Amino acid sequence: MKQFIEGSKAVALAVKLARPGVISAYPITPQTHIVEELAQLIADGEMKAEFVNVESEHSAASVVLGSTATGVRSFTATSSQGFLLMIEVLFNIAGMRLPLVMTCANRAISAPLNIWNDQQDSMTARDSGWIQLYAENNQEVVDLHIQAYKIAENKEIMLPVMVCMDGFILTHGAEVVDIPDQTLVDKFLPAFELSDKLDINNPKTLGAFADPDHYTEARYAMQVANDNALKIIPQVADEFKKIFGRVSGGLIEGYRIEDAEQVIVAMGSVVGTIKDVVDELRAEGKKAGVLKIVTYRPFPAEVVYRALKDIPQIAVLEKAVSLGASGPLHIDLKSVLCGREGKISRVSGFVIGLGGRDITKNSIREVFDSLSKEEVSCKFVGLKLG
Amino acid sequence: MAEAFKTLFSPGHTACAGCGQAIAARLVVDTAGANTIIANNTGCLEVFSAKYPETAWGVPWIHSLFENAAAVASGIEAALKYLGLKDKINIIAQAGDGGTADIGLQALSGMWERGHDILYVCYDNEAYMNTGVQRSGLTPFEANTSTSPIGKILATGNLRPKKPMPEIAFAHGIPYVATASVGYPQDIQRKVKKALAIKGPKYIQIHVSCPLGWRHAPNLTLDVSKLAVETGLYPLIEYENGKLTQVRKLTKVKPVEEYLKSQGRFKHILNSPDAIKLIQAIADSNIEKYGLIEKKA
């Protein structure tokens, strides 16, 4: 049913539809509305789940680690500093192959302290083994959460999935969102069955320690699972489309890139703004386009290459930076495109929108304009120096 | 020949000879029985009992990280509640003294405060033994450890007394808090059994000698552990529902020197009457505080 609602509430309703049995969280802006809404749904008897209020994000992640290992579908959400406090557990959850789903309401990292949006927090977990999906708008937020459980729990994957949504811009933004029917979600997402779980009738040891004879193979198995995810994520999106009648999710989405000469590659809510600029530029006769990365980990190298190989000028626009190098997505893209056949002449990197600075259409136009000039690897857009 | 003793903690693990923690952990799980799920912090016990592809555990057992067993156990409890199985299954979270009193204290405090139906067991061998005998918050006053070493200028061992964990547990208002010692195996069994019959958060801290870290012969584990109790340095107590309900009375109090001289970690103070006096004062204070001596009418 279509509703005009806040992004956080949409997340809560999507999570409710996935029927998790345990939710645990610790408050941090801008994630709070999500878990408040879930607590209310439980308190109102509209949802059957245990809500565990914990004393830190480290424990929130640990609680849902324990509940998932007991075979119960679980959920948590966090942002920024809370994400960093969780990160030790996040690596552990992935290594233990527990198919948890969480939301990262993307927010900047301190210092300086800043509560507003960028994507530096989830970027720090890009090597963790978690699958990372980035949403452009709140419809996609809803759809990705429902798909996330199906991806995570696929026997060929068995990795946790985080849905990343831009803090405030999406979490606190209200728009019309179609909330799917429970019967359709139940058809799409079967009940959770975990084969290796904590069960007194079949006692198993989980989280054993591995010496050098075994550790590499355990990590290799995670890499294989990531490769499998690249095949399965598009299948899940196809199945989603069949049941819900909507294209959503998948690995990437190209917008007006077929004959484009200039393309910006980006993730999250900024893609919507870039699409508007692309439309304006097209109206002016310029061949512009945008490539949205939905699945950032595993990185869909081959489909990205195929989408971009004939585009002469490429810009990566991102809300994070690997300080001392360039933006993480820029680094990934360079490694994918380097030395490959095609018409690519430059891949420039731009950092924008840090700590909630507004990204205007003009600043995106500047990026398109500068693409015809020399290649840059880490240009901060809209710097106010001096 | 009698039937082989069945245990849920199999032999063949890689603990050191004379490891007090291994003995206590077996007593705990065998007392709890097969209807038990264990969450274990990182530490000696985890490393010597669960090295892939082998395991000593006959119950469902999970290890995640150094500091989060209390939170992981909280999640297991929530999941069992959701599944309607909670009343049929014991949940035990367990860790060493560093994983409990230092790095894991926040998660443990949260578990207590939220009232989860979980027994938390701390195996207190009084230092970070797994990483090579570094001092922890439960290392006793004056103990020589690798991070409170006896140097040419700084010639004292650990400068601080033990963190009062049982009192910290008690202050959370949980229904059961007890200390125990591997020197008294039946007492451990009794306390675990009692704790598991109580609903809510429980805390048992078991003094377990580490021959390697305490520097005594491996065959003296139980004797040395007993001496800690007999001198008053490790009082065996029980708090139930906000009251001190039981203490192990001492019929003959031994001088702390007997305990100190049994271990290499206190060797540097054996010729220092002043240092021994300070440790005797800790024992005397325990005897007074917990009423460890039977008062004759």
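Quantities reported herein were computed from a predicted structural model and do not represent experimental measurements. Chain identifiers are assigned alphabetically (A, B, ...) following the order of the sequence lines, protein sequences preceding nucleic acid strands; residue numbering begins at 1 within each chain.
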Please give me the minimum heavy-atom distance between [X] and [Y], naming the atom from each residue.
| X | Y | result |
| --- | --- | --- |
| A:Pro203 | B:Val59 | CB-C, 3.5 Å |
| A:Glu50 | B:Lys81 | OE1-CD, 3.6 Å |
| B:Arg114 | A:Asn53 | CD-O, 2.9 Å |
| A:Ser62 | B:Asn68 | OG-ND2, 2.9 Å |
| B:Ala34 | A:Ile200 | O-CG2, 3.8 Å |
| B:Trp61 | A:Gly207 | CZ3-O, 4.4 Å |

Chain B contact via [X] - which portion, at a heavy-atom distance below 4.5 Å:
| X | answer |
| --- | --- |
| A:Thr205 | both |
| A:Asn92 | side chain |
| A:Asn201 | neither |
| A:Ala60 | neither |
| A:Val54 | both |

Item to check | Step-by-step side chain to side chain contact (heavy atoms under 4.5 Å, CB included) determination, A:Leu206 to B:His63 | outcome: CA-CA 6 Å; A:Leu206 307 186; B:His63 157 251; over 6 Å; no
Does [atom1] in [X] sit with more than 12 non-hydrogen atoms of other residues, nucleotides or ligands closer than 6.0 Å?
| X | atom1 | result |
| --- | --- | --- |
| B:Lys51 | NZ | no |
| B:Glu54 | CD | no |
| B:Gln186 | CD | no |
| A:Lys9 | NZ | no |
| B:Lys193 | NZ | no |
| B:Leu85 | CG | yes |
| B:Tyr52 | OH | no |

Checklist entry - Can you name the residues that form a salt bridge (charged side-chain N to carboxylate O under 4.0 Å, His left out) with B:Lys194, not counting sequence neighbours? => result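 Only B:Glu238, B:Glu240 meet the salt bridge (charged side-chain N to carboxylate O under 4.0 Å, His left out) criterion with B:Lys194.
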Heavy-atom distances under 4.5 Å only: say whether [X] touches chain A with side chain, backbone, both or neither.
| X | value |
| --- | --- |
| B:Ile89 | side chain |
| B:Ile62 | both |
| B:Thr36 | backbone |
| B:Ala107 | both |
| B:Glu113 | neither |

Item to check | Criterion side chain to side chain contact (heavy atoms under 4.5 Å, CB included) on A:Ser56 and B:Gln106, from CA distance to verdict | outcome: CA-CA 8 Å; A:Ser56 73; B:Gln106 177 176 322; 3.0 Å; yes
Checklist entry - Looking only at heavy atoms, which of residues 70-81 of chain A get nearer than 4.5 Å to chain B? => result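 The stretch touches chain B at A:Thr70, A:Val72.
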Checklist entry - Given the options B:Ile37, B:Thr42, B:Thr55, B:Leu65, which has more heavy-atom pairs under 4.5 Å with chain A than any of the others? => result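 Greatest number of close heavy-atom pairs with chain A: B:Leu65.
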Item to check | Min side-chain heavy-atom separation A:Leu65-B:Ser64 under 4.5 Å | outcome: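 They are in contact (side-chain heavy atoms under 4.5 Å apart), so the answer is yes.
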Next on the checklist: Can you confirm whether B:Pro60 sits close enough to A:Lys204 that some side-chain heavy atom of one is under 4.5 Å from a side-chain heavy atom of the other?
Outcome noted: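 No, side chains not in contact.
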Checklist entry - Which value, rounded to the nearest 0.5 Å, describes the distance between A:Glu55 atom CD and B:Trp112 atom CH2? => result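 A:Glu55 atom CD to B:Trp112 atom CH2 measures 12.0 Å (nearest 0.5 Å).
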Next on the checklist: Counting heavy-atom pairs under 4.5 Å with chain B, which one of A:Ile93, A:Asp213, A:Asp199 comes out on top?
Outcome noted: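 Most heavy-atom pairs under 4.5 Å with chain B: A:Asp199.
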Item to check | Worked verdict on A:Lys48 versus B:Tyr82 for side chain to side chain contact (heavy atoms under 4.5 Å, CB included) | outcome: CA-CA 8 Å; A:Lys48 183 186 175 284; B:Tyr82 175 76; 3.5 Å; yes
